[in-house]
Amino acid sequence: FECQKHLVNERKFDFKSSITKSILELVQMKAESVRNRLKNCNNIIISGDTVVYRAGKIFHKTNSKDEIRQYLKLLSGRKHRVFGGLCVVFSNGKIIRRLVKTDVYFNNISQDEITDSILEDGIGKSGGYAIQNLGSRFVKKIRGCYTNVVGISIPELYKILKSPEF
């Protein structure tokens with residue numbers, strides 16, 4: 001495995017269509033960005049993205065502690081949905097895209113629980129938290145795929161890679 005940076009400006013990506021279609025477009029753009037840069041690539045390219053969504057609002061990857069604090073207040077005591085987009089580009093040019101949905105239920109979060117370490121842990125994370133790190137303390141339950149919330153649905157990726165197209 002080799003990690004490659006995509007050239008898609010996620011901050012400027014316009015979620016103009018439905019959230020589900022937009023996420024699938026975004027992950028395909030990321031994969032194609034890598035494929036176009038690595039011309040004559042005979043490898044499989046895998047891209048993904050995670051978007052936290054609640055009540056019609058997208059909780060983008062965070063840049064500031066103030067934004068994380070605001071996100072956690074809005075998610076406190078509520079259910080939100082994590083959409084995980086997955087795109088696999090095979091060496092023969094075939095593209096498979098999948099969308100995975102996971103519901104995450106948060107306990108109530110008090111002001112005292114939003115510590116500096118929680119805020120630092122949430123930088124760069126969709127929704128302002130990392131379920132695999134300190135953000136796990138706020139989770140009441142999840143319905144769906146845990147690894148989807150972490151970053152990419154491993155079971156869904158496994159299904160794609162063991163498919164006949166591979």
Show, in sequence, the C-alpha distance, side-chain angles and deciding distance for Cys145 and Glu156, and conclude whether the side-chain contact (heavy atoms from CB on, under 4.5 Å) test is met. CA-CA 9 Å; Cys145 179; Glu156 194 63 36; over 6 Å; no
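- For Lys57, the NZ atom counts as densely surrounded, since its 6.0 Å shell holds more than 12 non-hydrogen atoms of other residues, nucleotides or ligands.
- For the side chain to side chain contact (heavy atoms under 4.5 Å, CB included) criterion with Ile152, the lone passing option out of Ile46, Asp49, Val100 is Ile46.
- Within the 3.5 Å criterion, the main-chain N or O of Val8 finds no donor-acceptor partner in the side chain of Lys30.
- In this view, Arg35 and Glu32 satisfy the salt bridge (Lys or Arg N to Asp or Glu O under 4.0 Å) rule, not counting sequence neighbours.
- Remark: Arg69 engages Asp66 in a salt bridge (Lys or Arg N to Asp or Glu O under 4.0 Å) (not counting sequence neighbours).
- Residues Ile58 and Phe83 form no side-chain contact, since every pair of their non-hydrogen atoms from C-beta on lies 4.5 Å or further apart.
- In terms of the side chain to side chain donor-acceptor pair (under 3.5 Å) criterion, residue partners of His6 (sequence neighbours excluded) are, by chain and number, Glu10.
- Applying the side-chain hydrogen bond (donor to acceptor under 3.5 Å, both in side chains) rule to pairs touching residues 130-141 yields Asp121-Asn133, sequence neighbours excluded.
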Does the side-chain contact (heavy atoms from CB on, under 4.5 Å) test come out yes or no for Ile118 and Leu72, once each step is laid out? CA-CA 10 Å; Ile118 289 289; Leu72 293 177; 3.8 Å; yes
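- For the salt bridge (Lys or Arg N to Asp or Glu O under 4.0 Å) test, no residue two or more places apart in sequence or in another chain qualifies with Glu67.
- Interatomic distance, CG of Leu86 versus OG of Ser47, reported as 7.0 Å (0.5 Å rounding).
- Between the OH atom of Tyr158 and the OG1 atom of Thr147 there is a distance of 14.0 Å, given to the nearest 0.5 Å.
- Checked against the 6.0 Å centroid threshold, His60 and Phe15 count as a close aromatic pair.
- Relative orientation of the Tyr129 and His80 rings is perpendicular, given thresholds of 30° and 60° on the angle between their planes.
- Residues passing the salt bridge (Lys or Arg N to Asp or Glu O under 4.0 Å) test with Asp116, sequence neighbours excluded: Lys65.
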